[in-house]
Amino acid sequence: MLLNQVRELYGRIAYTQKTHEKQADICAMSSRRQRGWKVVLTAVGSGTFLASLFGVLLEPQWASLATSFIAVLVTAASLGDRTFRHGEEMQQHRDTAAQLWDLRESYLSLIVDLKSETVSLGQALHRRDELQKAAQAVLRDAPRTTPRAYTMAQSGLKDNEDLTFSTEEIDVMLPQALRENGAQ
């Protein structure tokens, strides 16, 4: 029963870790998009050139209105930069994912130890309890994730087998002497 519980805990941590990785990716994409829009709007909103161009192409009142509207968009982009801190949020998710990776690997090691019977029941119970405390500490301070990140993580873990390797894939990465199939 302990092995089954540890396997379940491993699965939960693996999903949570992958979800934070995906959420960090979402935040990185949002940050890049936000910075891009700010650059574009700032460049477009560069006052005198824009006013001159609009003054030539439009009637003075429309030119003034267009310039003012672009200035409002630049201001909104600047405020959005201060309000939506995608870069900071991305780093928080990356840090959380890194801490969860360590926990995931510790759970995996515990599963190996339980299956190979190299730890006593008491030792395994102690390690499980310590890992649960560590998980609680990480998750207590972790930023929230979105359903989109969870769906992306689920796809990566189920469909793309993000956490698994075939024997052949591992053999290719190892020196020949350590390969299972003696592959070249």
Side-chain angles (χ1 to χ4, degrees), residues 1-39 41-42 73-167 169-170 173-174:
M1 297 212 18
L2 178 61
L3 177 58
N4 289 337
Q5 182 193 27
V6 172
R7 288 170 46 89
E8 178 72 21
L9 293 168
Y10 168 82
R12 289 178 190 172
I13 291 294
Y15 259 85
T16 304
Q17 186 257 339
K18 184 56 72 175
T19 302
H20 279 281
E21 282 183 356
K22 296 300 182 182
Q23 190 68 52
D25 293 344
I26 291 169
C27 291
M29 186 174 35
S30 296
S31 180
R32 280 192 301 277
R33 192 176 320 122
Q34 184 179 29
R35 286 191 319 260
W37 275 111
K38 189 174 177 184
V39 166
L41 289 173
T42 301
L73 290 177
V74 170
T75 302
S78 294
L79 288 173
D81 217 14
R82 293 172 192 228
T83 304
F84 304 107
R85 300 186 176 275
H86 298 294
E88 290 175 19
E89 187 179 349
M90 173 194 63
Q91 192 58 52
Q92 290 172 340
H93 285 289
R94 283 185 177 166
D95 292 345
T96 299
Q99 292 172 323
L100 290 169
W101 178 87
D102 186 50
L103 280 168
R104 188 191 79 206
E105 294 302 305
S106 295
Y107 274 114
L108 182 61
S109 294
L110 181 54
I111 291 169
V112 169
D113 291 344
L114 284 167
K115 285 181 119 357
S116 64
E117 299 177 356
T118 58
V119 294
S120 69
L121 180 60
Q123 290 170 320
L125 289 169
H126 178 73
R127 283 178 55 193
R128 180 213 49 203
D129 293 345
E130 291 299 313
L131 289 172
Q132 285 180 310
K133 287 177 188 173
Q136 180 196 23
V138 170
L139 296 174
R140 177 180 46 239
D141 298 327
R144 295 191 55 86
T145 57
T146 61
R148 180 176 172 214
Y150 182 81
T151 300
M152 291 169 66
Q154 188 175 42
S155 173
L157 293 170
K158 284 186 174 180
D159 302 332
N160 301 333
E161 298 182 6
D162 279 357
L163 294 180
T164 60
F165 299 96
S166 69
T167 301
E169 288 174 309
I170 294 171
M173 293 184 266
L174 291 171

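These values consider heavy atoms only, across backbone and side chains, with no hydrogens, waters or symmetry-generated copies. Index from 1, following the sequence.
- Screening Leu103, Leu100, Thr96 for a side-chain contact (heavy atoms from CB on, under 4.5 Å) involving Gln17 leaves a single residue, Leu100.
- Other residues, nucleotides and ligands place more than 12 heavy atoms under 6.0 Å from the CZ atom of Arg128.
- In the displayed structure, Arg140 atom CZ is contacted under 6.0 Å by more than 12 heavy atoms of other residues, nucleotides or ligands.
- For the atom pair OH of Tyr15 and NZ of Lys158, the computed distance is 4.5 Å after rounding to the nearest 0.5 Å.
- Residues that satisfy the side chain to side chain donor-acceptor pair (under 3.5 Å) test with Gln123, not counting sequence neighbours, are Ser120.
- Defined by atom type and a distance below 3.5 Å, a donor-acceptor pair is present between the side-chain atoms of Gln91 and Asp95.
- With sequence neighbours excluded, the residues forming a side chain to side chain contact (heavy atoms under 4.5 Å, CB included) with Met152 are Lys22, Ile26, Arg148, listed by chain and number.
- Here OH of Tyr107 is found 8.0 Å from CD of Gln5. Values are rounded to the nearest 0.5 Å.
- Taking all atoms of both residues into account, the shortest heavy-atom contact from His93 to Arg144 is CE1-O, 3.2 Å.
- Sequence neighbours left out, the pairs with a member in residues 104-120 that pass salt bridge (charged side-chain N to carboxylate O under 4.0 Å, His left out) are Asp113-Arg127.
- Within the model, atoms CG of Leu139 and CD1 of Ile13 stand 5.5 Å from one another, a figure rounded to the nearest 0.5 Å.
- Minimum heavy-atom separation, Thr19 to Ala149: O-CB, 3.7 Å.
- Between the side chain of Glu89 and the backbone N or O of Cys27 there is no donor-acceptor pair closer than 3.5 Å.
- The nearest pair of heavy atoms linking Arg94 to Ala28 is NH2-CB, 4.5 Å.
- Side-chain contact of Gln136 with Gln132: a donor-acceptor pair under 3.5 Å is absent, judged by distance alone.
- The distance from the OG1 atom of Thr145 to the NZ atom of Lys18 is 14.0 Å, given to the nearest 0.5 Å.
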Would Leu9 and Leu131 count as a side-chain contact (heavy atoms from CB on, under 4.5 Å) here? Give the steps. CA-CA 9 Å; Leu9 293 168; Leu131 289 172; over 6 Å; no
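- In this structure, Tyr10 OH and Ser106 OG are separated by 11.5 Å, a value rounded to the nearest 0.5 Å.
- A donor-acceptor contact shorter than 3.5 Å is absent between the side chain of Ser155 and the backbone of Thr151.
- Between the OH atom in Tyr150 and the CG atom in Leu157 there is a gap of 9.0 Å [rounded to 0.5 Å].
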